[in-house]
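Every chain is numbered from 1 and lettered A, B, ... according to where its sequence line falls, protein lines coming before strand lines. Just so it is clear, the values below take in all heavy atoms, side chains as well, and ignore hydrogens, waters and symmetry mates. Note that this is a predicted model, so its numbers are computed, not measured.
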Amino acid sequence: MGMATKNGNQKLHKKFGDEEVTLPKSEPQDAPVETHDQGTTQKKKKRKRKGKGNAELIDPSTQNTATEVVTGPKSNGTSKPQLNVIPQPESGSKPTETQPKSKKQKISTKKIQKPTVKTVTFFSDDEEERDTRGRGADTPEGLHARARELLEVRKTLPVYKAKDEVMSHLSKNKVTILIGETGSGKSTQIPQFLMPINKKGIAVTQPRRVAAINLASRVSEEAGSKLGDKVGYSVRFDNKSHHYTKLKYLTDGMLLREIMMDGDLAQYSTVIIDEAHERTVLTDLLMGFLKQLLAKRDDLKVIIMSATLDAERFSKFYDGAEILFVEGRMYKVDRLYIDQPSEDIVDSTIKAIVQVNNGELEGDILVFLPGQEEIDKCVNLLERIAPELPKEAPYIVPLPLYASLPPAEQAKVFVPLKARKRKVILATNIAETSVTVPGVRYVIDSGLRKVKVWRHQLGLSTLLTAPVSKASATQRAGRAGREREGKAFRLYTENDYTKLPLQTEPEISRSNVTSPVLMLKRAGVDDILNWPWLENPGQDSLVSALTQLYHLKALDDNGKITELGIQMAILPLEPQLSAILLTAHKSGCLSAAVDIVSCLSVDNLVLNPQAENRDEVNEKRSNLCVLGTKYGDLLMVKELLDFYTQFENSQERKQWCKELALSYRGFKNVIKVRNQIRQYMISLTKDKHLFDEDDEKNNTLDIPSVLKAFLSGYVSNTAIGMPDRSYRTTTSGQLISIHPSSLVFGKKVDAIMYNDYVYTTKGYARNVSVIELSWLQEVGAHVLAPKESVN
DNA sequence: GAGCACTGC
């Protein structure tokens with residue numbers, strides 16, 4: 001059938017009405033699903049059950065039962081079942097959906113109430129909104145009353161019930177791997193259990209700012225103290241902790257900075273790495289540092305908290321550390337597969353949405369799609385077909401959700417709808433971990449995601465659409481079972497599912513590791529290749545990072561970190577950008593360089609205009625930015641920032657941003673970043689007055705100096721204009737095109753420098769500036785072989 | 001003449 005998305009809505013609707021729709025196949029359930037067989041299910045064939053039947057489909061962890069914690073042999077003395085190793089998945093079965101426990105381990109099967117863990121939304125990342133809540137209850141009496149209230153809730157958490165066993169284990173071991181699923185309460189309770197017995201502080205890391213802030217605020221309430229006193233947090237731009245704070249939630253990046261300042265982490269007696277299974281570059285690095293530190297410090301305890309999958313790997317990494325398992329509290333989620341996947345993901349998504357809407361009980365639908373393009377297409381189609389769908393079914397309201405969407409648009413997914421309406425949230429991976437949408441009962445999973453892959457041989461990155469891992473598919477499905485039983489409809493076959501990789505490839509093995517390597521050097525690691533990497537990025541990748549750092553003069557001929565390198569590591573920037581600032585300082589154009597670098601550190605600042613007013617916006621930008629038009633995009637953001645700061649009030653700023661398709665929120669972040677960088681530069685140079693004469697300096701902007709400073713960081717990101725108007729890179733001679741979003745697009749110049757080299761339909765240079773050929777020799781002779789670079 | 005997931009200091 002392969003219905004094209006270009007079809008009109010009438011036709012589309014008709015096709016859904018007839019019996020061509022065969023997806024997704026649904027398994028008969030024990031639970032009442034009266035409405036399920038409306039309309040489109042006649043053609044369904046019963047799926048063949050394997051072996052143990054229906055139960056095998058269901059992730060045991062999502063059963064609504066509470067289970068006792070099971071610990072390793074050392075916590076013996078009871079007749080409770082034990083577990084210290086995660087069993088290998090049976091071959092041919094569904095490994096990621098098999099939990100390391102047997103039926104007999106369940107000690108209780110009573111139904112649980114609504115999960116009590118506070119829903120974490122991304123809103124509170126904005127301190128303006130966060131500070132307005134929770135006021136007035138700050139009296140000691142009020143805090144204690146609230147804590148007593150919360151204690152009753154805490155006692156129902158699986159991990160609370162196992163407190164004694166967990167504690168007895170933790171007191172005997174230096175390293176523990178603790179597996180706890182969603183709803184177990186591990187992130188809030190375990191650190192609190194430890195507070196009375198820790199002499200020094202407890203650090204708990206999180207991959208995301210919002211999570212650190214929300215956990216700290218919850219736990220502080222539970223502990224009956226004011227946020228920032230006994231329990232606090234520390235994230236970039238926001239610190240609510242004191243030297244006497246006993247329990248500190250921080251982002252993993254923050255703990256890494258602390259390691260660079262104090263390699264022994266002397267202020268902590270326990271470090272907990274939470275969400276270790278996400279395998280971000282930073283958590284991976286932390287785990288390596290901790291391994292080294294454990295050999296040095298006898299009084300340090302380390303707890304690695306994770307979802308199930310990486311437990312054995314973590315255990316091996318920490319010399320066979322024991323694994324504790326805590327049952328989560330999620331509701332049952334049935335997984336259903338398609339039998340004939342379509343080539344067109346938008347097509348099969350729309351069909352699945354319509355069928356779920358027609359056939360399933362009330363509850364919102366969360367759809368996982370790879371990117372903005374697919375999401376926007378689906379939203380448009382759904383808006384058109386919604387009025388044509390059967391009147392018996394709820395009216396569907398499509399809502400997009402992705403990171404570059406303005407905050408007000410994102411907020412719509414949290415607003416409840418009136419009766420007879422059903423939210424269909426079409427989201428990227430943002431909804432897999434970062435944003436939790438309430439009310440979701442059905443998940444539709446395309447099985448796809450976008451992944452950025454760094455190719456160090458070419459010095460470029462590509463953004464690919466790729467299948468998710470089993471772990472990711474399980475996580476996505478779990479989003480349907482947070483409030484009650486749910487269903488996950490997978491837009492791929494069960495056979496395809498079995499072929500998916502077990503886990504997502506760790507980020508570090510597909511990333512540019514220049515910055516991690518500089519951090520290691522700063523922390524005193526000499527032998528980068530043989531450092532205890534949880535995942536070694538590979539020799540090629542490491543050598544390319546070391547070479548890059550050498551070119552940036554962060555490392556000397558012996559591979560030792562230089563004074564410059566130490567300063568670069570301190571700045572909260574990529575090494576290239578740090579190098580640029582230090583060069584700019586020498587050449588007297590620091591202020592302008594800081595402005596530009598701040599803009600470059602903020603994502604989605606200069607937005608893609610909508611298609612209908614694209615030409616108009618582009619023209620406005622180029623008329624406004626005289627220097628940008630002549631010298632390129634670095635000068636453009638400098639000009640834009642100057643305009644932005646000249647406005648009197650935020651209303652004018654907002655309006656101006658809107659007209660030029662710029663992000664107001666982005667500029668607010670630029671100002672924060674700029675302040676932070678200025679502070680760092682002041683402390684590095686010990687010159688308090690470094691930025692005092694800012695206004696005068698703007699009047700005498702030395703453009704060649706600024707561009708040469710940037711060239712010092714981006715020597716290898718340069719290309720030469722050819723007679724046929726194409727450009728070839730100075731490093732490998734590859735063909736490269738100026739991205740049409742650049743102000744330099746369509747111009748013929750001698751040479752260009754760019755910040756990003758991205759391969760999509762072809763190799764594109766993004767964020768392009770005009771440079772002179774002579775500068776390449778002047779600034780980049782030590783990197784570029786003369787014969788290759790200019791001919 | 002493109003169109004890009006997510007996160008962190």
Side-chain angles (χ1 to χ4, degrees), chain A residues 122 125 205-212 234-239 250-261 275 278-286 368-377 401-405 427-435 446 448-453 461-466 468 472 504 507-508 510-511 515-516 518-519 522 568-575 577-578 597-598 601-604 606-611 614-615 618 661 669 672-673 676-677 679-680 737-742 745-746 756 758-768:
Chain A
F122 59 94
D125 195 16
T205 70
Q206 294 292 322
R208 282 168 292 278
R209 294 162 47 92
V210 192
S234 170
V235 301
R236 191 184 191 184
F237 305 129
D238 196 2
N239 176 27
L250 26 58
T251 44
D252 35 26
M254 274 308 220
L255 190 64
L256 272 171
R257 292 199 84 77
E258 291 189 4
I259 285 174
M260 283 196 288
M261 300 303 157
E275 312 285 4
E278 288 193 24
R279 303 295 308 275
T280 69
V281 171
L282 300 180
T283 42
D284 266 28
L285 289 175
L286 278 176
F368 285 100
L369 288 166
Q372 184 178 343
E373 190 186 352
E374 294 84 358
I375 290 172
D376 289 345
K377 270 188 194 167
L401 179 64
Y402 43 81
S404 62
L405 210 59
T428 59
N429 244 356
I430 194 172
E432 198 177 299
T433 47
S434 304
V435 176
S446 66
L448 299 170
R449 61 165 185 151
K450 286 206 168 166
V451 58
K452 194 173 186 178
V453 179
S461 60
T462 52
L463 200 65
L464 307 167
T465 301
V468 297
S472 198
T504 308
E507 195 186 3
I508 202 160
R510 51 183 166 81
S511 299
S515 190
L518 181 61
M519 281 187 206
R522 172 67 182 80
M568 285 166 58
I570 288 167
L571 289 165
L573 295 165
E574 283 169 21
L577 294 177
S578 301
V597 163
S598 303
S601 331
V602 170
D603 286 334
N604 300 317
V606 181
L607 306 167
N608 297 323
Q610 296 289 314
R614 187 182 61 194
D615 291 344
N618 283 343
N669 282 330
K672 278 189 194 172
V673 173
Q676 192 188 33
I677 293 174
Q679 288 309 312
Y680 273 114
S737 308
I738 297 176
H739 197 272
S741 64
S742 168
F745 176 76
D756 298 311
V758 179
Y759 197 93
T760 51
T761 48
K762 52 180 174 174
Y764 281 108
R766 301 190 72 227
N767 218 328
V768 181

(request) For A/Pro609, report the nucleic acid contact type (base, sugar-phosphate, nothing); a contact means any heavy atom under 4.0 Å. (result) base
(message) Does B/dA2 have OP1 or OP2 under 4.0 Å away from a side-chain N or O of A/Thr761?
(response) no
(message) Among B/dC9, B/dC4, B/dA2, which nucleotide has an atom closest to any side-chain atom of A/Pro740?
(response) B/dA2
(request) Mind checking the CE-OG1 spacing from A/Met254 to A/Thr205? Nearest 0.5 Å is all I need. (result) 13.0 Å
(request) Can you figure out which of B/dA2, B/dT7, B/dA5 approaches the side chain of A/Ser741 most closely? (result) B/dA2
(request) Nearest whole angstrom, please: distance from the P of B/dG8 to the CD of A/Glu278. (result) 11 Å
(request) Have a look at A/Arg449 and say if it touches a base, only the backbone sugar-phosphate, or nothing, with a 4.0 Å heavy-atom cut-off. (result) nothing
(message) Between A/Ser434 and B/dT7, is there a contact of a side-chain N or O with OP1 or OP2 at under 4.0 Å?
(response) yes
(request) Would you mind classifying the nucleic acid contact of A/Ile430 as base, sugar-phosphate or nothing, using non-hydrogen atoms under 4.0 angstrom? (result) sugar-phosphate
(request) When you get a sec, tell me which of B/dG1, B/dC4, B/dA2 is the closest nucleotide to the side chain of A/Arg766? (result) B/dC4
(request) Round to the nearest Å and state the distance from A/Arg209 atom CZ to B/dT7 atom C1'. (result) 11 Å
(request) Could you tell me the separation between the OH atom of A/Tyr764 and the P atom of B/dC4, rounded to a whole number of Å? (result) 11 Å
(message) Taking A/Arg208 first and then A/Glu278, would you say they form a salt bridge - that is, a charged N and a carboxylate O separated by under 4.0 Å?
(response) yes
(message) Checking contacts here: which listed nucleotide (B/dC9, B/dG1, B/dA5) is nearest the side-chain heavy atoms of A/Phe745?
(response) B/dG1
(request) Send over the distance from A/Glu275 CD to B/dG8 C1', rounded to a whole Å. (result) 15 Å
(message) Looking at A/Glu275 and A/Pro207, would you say the former's side chain and the latter's main chain have a donor-acceptor pair under 3.5 Å?
(response) no
(message) Heavy atoms only, 4.0 Å cut-off, all strands: where does A/Asp756 land among base, sugar-phosphate and nothing?
(response) nothing
(request) For A/Leu573, answer base if it contacts any base atom (sugar-phosphate contacts may also be present), sugar-phosphate if it contacts only those atoms, and nothing otherwise; contact means non-hydrogen atoms under 4.0 Å. (result) base
(request) Test side chain to side chain contact (heavy atoms under 4.5 Å, CB included) on A/Leu573 and A/Ser601 and set out the steps. (result) CA-CA 8 Å; A/Leu573 295 165; A/Ser601 331; 3.5 Å; yes
(message) What contact category does A/Asn429 fall into here, base, sugar-phosphate, or nothing, at under 4.0 angstrom with non-hydrogen atoms?
(response) nothing
(request) Determine yes or no for a side-chain-to-main-chain donor-acceptor pair under 3.5 angstrom, with A/Ser446 supplying the side chain and A/Phe368 the backbone. (result) yes
(request) Answer with base, sugar-phosphate or nothing: what part of the nucleic acid does A/Gln676 contact at a heavy-atom distance below 4.0 Å? (result) nothing
(message) Closest approach to the side chain of A/Asn608, judged atom by atom: which nucleotide of B/dC6, B/dC9, B/dA2 is it?
(response) B/dA2
(message) If you only use heavy atoms from C-beta on, which nucleotide in B/dT7, B/dC4, B/dC9 is closest to the side chain of A/Leu463?
(response) B/dC4
(message) Which is more 5' along DNA chain B, the nucleotide nearest A/Thr251 or the one nearest A/Val451? Just name the residue.
(response) A/Val451
(request) For the residue pair A/Val281 and A/Pro516, establish whether any side-chain heavy-atom pair is separated by less than 4.5 Å. (result) yes
(request) For A/Arg614, answer base if it contacts any base atom (sugar-phosphate contacts may also be present), sugar-phosphate if it contacts only those atoms, and nothing otherwise; contact means non-hydrogen atoms under 4.0 Å. (result) base
(message) Which is more 5' along DNA chain B, the nucleotide nearest A/Tyr680 or the one nearest A/Asp615? Just name the residue.
(response) A/Asp615
